[in-house]
Amino acid sequence: QAQLVESGGGLVQAGGSLRLSCAASGRTFDDYTIGWFRQAPGKERDFVAAISATGYSTFYADSVKVRFTISRDNAKNTVYLQMNGLLPEDTAVYYCAASVSGSVYYEYSYAYWGQGTQVTVSS
């Protein structure tokens with residue numbers, strides 16, 4: 001079992017940057033693909049980015065592909081989401097999640113979830 005804790009959210013102006021962190025404890029961290037999802041008010045939770053257990057493969061939603069970068073440091077049991085060029089439509093609660101199998105794009109592939117961190121982008 002894995003426990004995940006997100007941090008790094010906050011309020012930023014449009015065009016600004018934030019770096020989210022997802023710190024994991026419990027079962028061996030480098031067994032997991034880690035994904036980031038986000039949920040805006042009144043909307044479903046959507047896939048943002050994911051990184052394979054080794055870190056060799058990364059995946060992005062089209063809406064963030066050029067602006068966001070996912071990375072991981074297995075020695076620190078942490079995954080990062082660097083978000084640049086933030087837009088008001090990026091405002092959401094961001095969740096990290098851990099998966100051992102299945103498509104990285106779908107919530108049902110992820111067994112463990114953090115509590116989320118709020119990102120608010122002002123125009």
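Note: hydrogens, waters and symmetry copies are ignored here, and every other heavy atom, side chains too, is used.
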Sidechain-backbone polar pair: [X] side chain, [Y] backbone, donor-acceptor under 3.5 Å:
{"X": "E6", "Y": "Q115", "result": "yes"}
{"X": "Q13", "Y": "S122", "result": "no"}
{"X": "D30", "Y": "G55", "result": "no"}
{"X": "S99", "Y": "S109", "result": "yes"}
{"X": "R45", "Y": "V93", "result": "no"}

Checklist entry - Below 6.0 angstrom between ring centroids: does that apply to F37 and Y110? => result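 Between F37 and Y110, the centre distance is under 6.0 Å.
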Checklist entry - So do the side chains of V5 and Q3 get within less than 4.5 Å of each other, counting heavy atoms only? => result no
Report the residues that fulfil side-chain contact (heavy atoms from CB on, under 4.5 Å) with [X], sequence neighbours left out, ordered by chain and then residue number.
{"X": "V119", "result": "L18, L20, M83, Y94, V121"}
{"X": "A40", "result": "K43, A92"}
{"X": "S63", "result": "R38, A61"}

How close do [X] and [Y] get, heavy atom to heavy atom, and via which atoms?
{"X": "C96", "Y": "I34", "result": "CB-CG2, 4.5 Å"}
{"X": "Y80", "Y": "D73", "result": "CE1-CB, 4.1 Å"}
{"X": "A24", "Y": "L4", "result": "CB-CD2, 3.5 Å"}
{"X": "F29", "Y": "V79", "result": "CZ-CG2, 3.5 Å"}
{"X": "W36", "Y": "L81", "result": "NE1-CB, 3.6 Å"}
{"X": "Y60", "Y": "A49", "result": "CD2-CB, 3.7 Å"}

Item to check | Residue pair Y32, I51: steps toward the side-chain contact (heavy atoms from CB on, under 4.5 Å) verdict | outcome: CA-CA 9 Å; Y32 294 108; I51 188 164; over 6 Å; no
Item to check | Single-linkage hydrophobic cluster, 4.5 Å side-chain cutoff, Y56 and F59 together | outcome: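 No, Y56 does not connect to F59 through the hydrophobic network.
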Item to check | Joint hydrophobic cluster, V104 plus Y108, side-chain heavy atoms closer than 4.5 Å | outcome: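 Linked within one cluster.
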Can you tell me how far apart [atom1] ([X]) and [atom2] ([Y]) are? Round to the nearest 0.5 Å.
{"X": "S17", "Y": "R67", "atom1": "OG", "atom2": "CZ", "result": "10.5 Å"}
{"X": "R72", "Y": "T33", "atom1": "CZ", "atom2": "OG1", "result": "7.0 Å"}
{"X": "Q118", "Y": "L11", "atom1": "CD", "atom2": "CG", "result": "9.5 Å"}
{"X": "F47", "Y": "Y105", "atom1": "CZ", "atom2": "OH", "result": "5.5 Å"}

